[in-house]
Amino acid sequence: MAKTGPFRASSLLPLGSTTTRRQFVAGAASASLALALPLPPWSCQERQFDTVVVGGRLIDPAEGIDAPSDIGITDGRVARVAERIAEGEGRQVVRAHGMIVTPGLIDIHTHVYDGVSGVSIDPDVVGIAKGVTTVVDAGSSGATTFPGFRTYVAAPARTRVYALLNVSSPGMTVSNELADFAYIDPDAIVATVEANRDMIVGLKVRMLAGIPGGNDIEVMRLTRLAAEGAGVPIMVHIGGQTSPLPRILEMLRPGDVVTHALRRNRSILDDAGTVYPEVREAVERGVHLDIGHGRGNLDFDVAERALGQGIRLAAISSDVHRGNALGPVFGLPTTLTKFLHMGMSLEEVIRCATSTPAGIFDFGEELGTLREGAVADLSVFQMVEGDYELVDSGGKRRTAARRLVPYAAMRAGRPYGAITR
Ligand SMILES: [Zn+2]
């Protein structure tokens, strides 16, 4: 391939496994998203920004922006957001004409302890390569297995990687991490969180069918104890609880998260298909509802029913891992496309993957917005029109008329895939 300035054409490949080379060539021709040095060598004009992103439609729910806006980035931070910034102001230019620019997406439920926890996948494959600049690993590691996750997976990743520490010491490196109550060691949990506050943002507990004696309330009690000691929120995976869901919800505090809210069985709907009043009360007092699509946890009928009853989601997450990354989940953009198809607005689905997840956990950095001064984590998407088949965790199909396709992303101003000097 021909070189374009200092950037090889290979650096311009769009993101996402679903985009073919032909689509890329077509996209590049029509939308011309490119990195280039726009000024001729004889120019001595001072360039104000390291990078400018021009021509896109910026959707930043945290700032209430949905408008054509250009972005100037310097030293990894957003230096200016304006209706128009000249290309000549940037040493690098990202041309996003005809595309959607958002704060870098945040996926609060993934499994990325690649090579150690059974189904986990490389965080960059499902993260920044898909426009998701921040992933939260939801419980793949526990107190005894977290150090390896930190050193060998999170540290070298191009994606920001955070963790919800599994309350079970081995985490999901064993087939049933709650097979023995001895696996839950509140002191070890608190010590591990305290030593890793920059990365561990909460605890993960899974209501599994294999909890000894079906005593899920005892598991919740120990989890609560550890969470209070560590001062972090809990994400509880529902679906395998033996107790009624309202009994689990009673043990949650404001700031905690219920994931797999819209699964087929034992979801937030009662047997009659109505949202439990206790779920509404929990949301009222600050408990967050999350999707966690996964291989078994998003049902289109349940989702349509719950959304139809006005239930408000805090986060849309993928629960992506090796067992579903080739379908039905694929990743966060496809999961967002499903909710777009089910009637949520584009602004609302972007909000559920940017500003609201950013507010759920303490990431130690202002994420989920492109306001001036914020870190320049940014994603560019194409909205591709045309029939696209969506499949839920149970194999139900819907045909969408459009879908979000990741095109480019940057973390702290550094474009993923680009040759940077
Ligand atoms: Zn999960």
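Residue numbers count from 1 along this sequence. Read the numbers this way: they start at 1 and go in the same order the structure lists the ligands and their atoms.
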Q: Kindly determine whether Arg77 and Glu365 satisfy salt bridge (Lys or Arg N to Asp or Glu O under 4.0 Å), including the steps that lead there.
A: CA-CA 12 Å; Arg77 296 203 168 258; Glu365 176 74 81; 3.0 Å; yes

Q: Scan Lys204, His109, His293 and name whichever one has a side-chain hydrogen bond (donor to acceptor under 3.5 Å, both in side chains) with Thr259.
A: His109

Q.
Restricting to N, O or S, what is the name of the atom of Asp319 that lies nearest the Zn ion (ligand 1)?
A. OD1

Q. Side-chain donor-acceptor pair under 3.5 Å between Asp185 and Ser169, yes or no?
A. no

Q | Shortest-distance N/O/S atom, His109 versus the Zn ion (ligand 1) | A | NE2

Q: Would you mind checking if Arg371 and Glu63 are paired as a salt bridge, meaning a charged N to carboxylate O distance below 4.0 Å?
A: no

(Q) Strictly under 2.8 Å, is the Zn ion (ligand 1) approached by any N, O or S atom of His111? (A) yes

